[in-house]
Amino acid sequence: MTVRTRFAPSPTGFLHIGGARTALFSWAYARKNKGSFILRIEDTDVARSTPEAVQAILDGMNWLGLDWDEGPFYQMQRMDRYKQVLQQMLDAGNAYHCYSSKEELEALREQQMAQNIKPRYDGRWRPEPGKTLPAIPQGISPVIRFRNPQAGLVSWNDLVKGTISISNEELDDLIIARADGTPTYNFCVVVDDWEMGITQVIRGDDHVNNTPRQINMLMALGAAIPQYAHLSMILGDDGQKLSKRHGAVSVMQYDEDGYLPEAVLNYLARLGWSHGDDEVFSMDQFCAWFDLDHITPSAAQFNTEKLNWLNAHYIKQADAGYLADEVKKRQPALNFESGPELLKVVELYRERANTLNELAAGIVYFYQLPVIDEAAAAKHISPEILPVIHALSDALAMVEWTAAAIHELIQKSVTDHALKFPKLAMPLRVMLTGAGQSPAIDAVMELLGRDEVIRRIRAF
RNA sequence: GUCCCCAUCGUCUAGAGGCCUAGGACACCUCCCUUUCACGGAGGCGACCGGGGUUCGAAUCCCCGUGGGGACGCCA
């Protein structure tokens with residue numbers, strides 16, 4: 001059977017890191033098995049769904065390069081079909097109208113909680129042979145409930161967690177259509193997974209409890225039951241649950257912060273999944289290796305340090321032209337025509353940066369006068385060394401302008417004055433770059449250019 | 001409260017009864033490289049939640065604790 005997986009976010013916010021990993025695994029499973037990956041937007045919560053959120057999710061998927069084969073399908077555009085199935089279930093006696101008010105149900109819940117039992121619908125409107133239903137109240141539009149089996153066990157072999165069994169006694173008759181007639185989440189999922197021919201449902205483990213209900217409905221419809229794989233959640237850097245107000249950020253924020261999609265993808269792939277000791281791999285490699293057997297069932301804590309390490313790795317590997325473009329995008333105010341070729345500067349600086357933003361910030365002094373770190377200046381630029389540097393700058397005016405020749409010249413000056421190399425290199429570094437750390441000073445000088453180097457030295 | 005799930009270094013993980021005096025990666029520490037800071041290289045520190053079983057043998061299987069998480073919506 002051809003593998004068909006899906007990613008089914010609800011457009012109530014951006015695509016965050018947890019959703020991204022769910023999408024990644026679902027996508028990879030389809031790619032690995034030469035199947036199809038379907039994108040479905042679950043927008044039946046009209047009050048909370050927004051077109052902006054849909055776009056944000058699409059943007060996130062695109063940035064990561066998670067391409068889908070079918071969709072995006074929008075559940076709100078499938079209303080007619082849901083209503084048909086709803087009617088079909090009503091006709092077959094698998095569903096029924098319930099006239100209980102929200103207040104009534106709330107009271108029931110509170111009463112059950114007070115008795116320390118699991119709150120659930122008591123079936124007061126559930127038709128049974130020989131049972132007399134309450135009189136239908138006037139002016140109330142009923143909801144539709146699924147007639148869940150009352151005995152037996154629902155169990156499935158979860159591809160991540162192993163066998164999970166839940167007794168039907170734990171389940172109640174869930175609402176599948178609201179009073180206004182719109183179907184609810186669990187019902188839409190069932191109809192869609194069925195009709196879209198989903199073979200493996202890969203989703204967050206907050207859905208474990210929905211699974212037995214969905215299986216029961218699928219069975220009532222005579223539909224094939226897909227396999228389920230429930231991914232555990234991702235915790236924040238501090239071990240706390242991610243939430244809107246705590247650590248949950250859009251994947252696009254990682255773009256803004258200077259992370260490469262390759263790094264984020266590679267990091268996410270290794271969060272909860274492993275392939276022996278392999279840590280760094282491409283998405284092609286990942287798709288070839290990916291399996292559900294090696295997914296951890298336990299929750300994983302996000303670790304920015306490791307992401308940084310991977311990001312630094314991908315910056316070292318990246319095409320210099322790509323890095324240059326990213327730097328330009330991140331330094332819109334700089335005039336790159338006024339200094340050395342950006343490609344060369346990027347090559348010099350790339351291995352010192354963990355993020356594109358660090359790279360972009362690090363190369364600024366090549367294109368505008370640096371802000372001098374006063375502490376570094378005080379430490380390295382002494383009155384005694386100044387004449388030596390000035391003499392050196394005179395000599396620089398006529399040396400061949402290559403890093404090697406410049407280095408030789410500095411070395412000669414060092415020898416002539418019986419100094420150690422840093423005695424000259426450090427003050428030069430501060431004068432030219434503003435700070436006490438930089439790439440090799442001769443390489444910096446070569447790129448900066450003779451005129452600019454002499455100008456900056458003469459300012460002291 | 002009820003039900004479900006989870007549990008190896010600080011973190012991500014390897015581990016499917018003997019290959020484990022538990023391996024790798026990030027972080028941290030030391031040394032090397034060096035012109036500073038990085039990069040890179042070599043080392044080091046560091047874990048099987050507890051208790052009972054099963055077995056010749058358990059990180060691995062079972063049970064009970066403990067701890068953590070999730071679900072219990074006319075949200076998804």
Side-chain angles (χ1 to χ4, degrees), chain A residues 8-12 42-45 47-49 75 98 100-102 105-106 109 112-120 141-145 158 160-162 164-167 169-172 174-186 188-189 204-212 230 232-233 235 237 239 241 267 270-280 293-294 296-310 312 316 349-354 362 376 380 407 410-411 414 420-426 428-430 433 435-442:
Chain A
S10 63
T12 54
E42 310 215 322
D43 54 357
T44 54
D45 184 356
R48 293 198 301 149
S49 297
Q75 291 187 321
C98 165
S100 296
S101 66
K102 287 184 185 181
L105 294 170
E106 185 51 42
R109 251 193 297 277
Q112 288 166 325
M113 290 286 256
Q115 289 173 48
N116 278 343
I117 56 176
K118 188 173 183 167
R120 46 203 214 282
S141 347
V143 300
I144 299 174
R145 288 183 184 271
D158 196 279
V160 170
K161 293 175 185 286
I164 299 178
S165 302
I166 292 172
S167 166
E169 287 175 25
E170 295 297 327
L171 274 22
D172 63 0
L174 75 157
I175 292 171
I176 57 177
R178 303 177 179 92
D180 66 6
T182 58
T184 59
Y185 166 76
N186 273 296
C188 296
V189 167
D205 75 357
D206 46 332
H207 288 293
V208 166
N209 295 275
N210 290 323
T211 306
H230 287 102
S232 58
M233 56 188 297
L235 271 21
D237 234 331
K241 184 188 174 184
Y267 179 73
R270 273 294 283 107
L271 200 56
W273 175 84
S274 60
H275 184 265
D277 288 339
D278 295 304
E279 295 285 350
V280 181
D293 298 338
H294 290 84
T296 346
S298 54
Q301 190 171 318
F302 194 87
N303 185 232
T304 305
E305 301 276 10
K306 190 160 181 179
L307 206 215
N308 285 343
W309 170 74
L310 270 170
K316 282 176 212 139
Y349 220 91
R350 67 195 309 174
E351 66 183 26
R352 331 171 58 80
N354 281 325
H380 298 294
H407 185 271
I410 299 173
Q411 188 57 60
V414 161
K420 298 275 191 206
F421 201 95
K423 270 292 180 199
L424 278 188
M426 290 310 292
L428 278 172
R429 200 182 315 276
V430 175
T433 74
Q437 311 91 36
S438 81
I441 197 63
D442 48 16

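In this text, all values refer to a predicted model and were calculated from it rather than measured experimentally. Values below: every heavy atom of this structure, side chains too, minus hydrogens, waters and symmetry copies. Residue numbers begin at 1 in each chain, while the letters A, B, ... track the order of the sequences.
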Roughly how far apart, to the nearest Å, are B/C31 and B/G67 at atom C1'?
-> 41 Å
Using Watson-Crick geometry (N1-N3 plus N6-O4 or O6-N4) or G-U wobble (N1-O2, O6-N3), each under 3.5 Å, B/G40 is paired with B/C32
Rounded to the nearest Å, what distance is computed from the CD atom of residue A/Glu351 to the P atom of nucleotide B/G40?
-> 8 Å
Using the C1' atom in both, what is the distance from B/A14 to B/C9, to the nearest Å?
-> 13 Å
In whole Å, what separates the P atom of B/A25 from that of B/G65?
-> 40 Å
Using nucleotides 17-21 of chain B, report all nitrogen or oxygen pairs with the protein that are shorter than 3.5 Å.
none

So which nucleotide does B/U11 pair with, by the Watson-Crick or G-U wobble rule with both distances under 3.5 Å?
-> B/A25
Would you indicate whether A/Gln301, at its atom CD, is surrounded by more than 12 heavy atoms from other residues, nucleotides or ligands within a distance under 6.0 Å?
-> yes
Would you indicate, yes or no, if B/A16 has its OP1 or OP2 atom less than 4.0 angstrom from a side-chain nitrogen or oxygen of A/His294?
-> no
Gap between atoms CZ and C1', on A/Arg350 and B/G40 respectively (whole Å) = 15 Å
Between the protein and nucleotides 74-76 of chain B, which nitrogen or oxygen pairs come in under 3.5 angstrom?
residue, atom, partner, partner atom, Å
B/C74, O2, A/Ala179, N, 3.0
B/C74, N4, A/Ser100, O, 3.4
B/C75, OP2, A/Arg178, NE, 2.2
B/C75, OP2, A/Arg178, NH2, 3.4
B/C75, O3', A/Arg178, NH2, 3.2
B/C75, O2', A/Asp45, OD2, 2.5
B/C75, O2', A/Arg48, NH2, 3.0
B/C75, O2, A/Arg48, NH2, 3.2
B/A76, OP1, A/Thr44, OG1, 2.9
B/A76, OP1, A/Asp45, N, 3.4
B/A76, OP1, A/Arg178, NH2, 2.4
B/A76, OP2, A/Arg178, NH2, 3.2
B/A76, OP2, A/Tyr185, N, 3.1
B/A76, O3', A/Glu42, O, 3.2
B/A76, O2', A/Ser10, OG, 3.0
B/A76, N6, A/Asn210, OD1, 3.3
B/A76, N6, A/Asn210, ND2, 3.3
B/A76, N1, A/Asn210, ND2, 3.3

Classify the nucleic acid contact of A/Gly239 as base, sugar-phosphate or nothing, counting any heavy atom under 4.0 Å across all strands shown.
-> nothing
Considering only atom P, compute the distance from B/G46 to B/C3 and round it to an integer number of Å.
-> 42 Å
Quick check: does any side chain N or O of A/Thr184 sit under 3.5 Å from a backbone N or O of A/Ile175, one acting as donor and the other as acceptor?
-> yes
Which parts of nucleotides 44-51 of chain B does protein reach within less than 4.0 Å, heavy atoms only, written one letter per nucleotide 5' to 3' as B for base, S for sugar-phosphate only and - for none?
-> --------
Show each protein N/O and nucleotides 58-61 of chain B N/O combination with a separation under 3.5 Å, one pair to a line.
none

For atom P, what is the distance between B/C29 and B/U21, given to the nearest Å?
-> 31 Å
How many Å lie between CG on A/Leu171 and P on B/U2, as a whole number?
-> 18 Å
If the C1' atom of B/G44 is compared with that of B/U36, how far apart are they to the nearest Å?
-> 26 Å
Quick one: what's the B/S/- string for nucleotides 24-35 of chain B, heavy-atom cutoff under 4.0 Å, read 5' to 3'?
-> BBSS-------B
On a whole-Å scale, what distance lies between the C1' atoms belonging to B/G51 and B/A7?
-> 16 Å
Between the protein and nucleotides 3-9 of chain B, which nitrogen or oxygen pairs come in under 3.5 angstrom?
residue, atom, partner, partner atom, Å
B/C3, O4', A/Glu170, OE1, 3.3
B/C5, O2', A/Lys161, NZ, 2.9

For nucleotides B/A59 and B/G23, find the distance between their P atoms and express it as a whole number of Å.
-> 14 Å
Mind checking who B/G1 pairs with, Watson-Crick or G-U wobble, both distances under 3.5 Å?
-> B/C72
When both distances are under 3.5 Å in a Watson-Crick or G-U wobble arrangement, the nucleotide paired with B/C48 is none
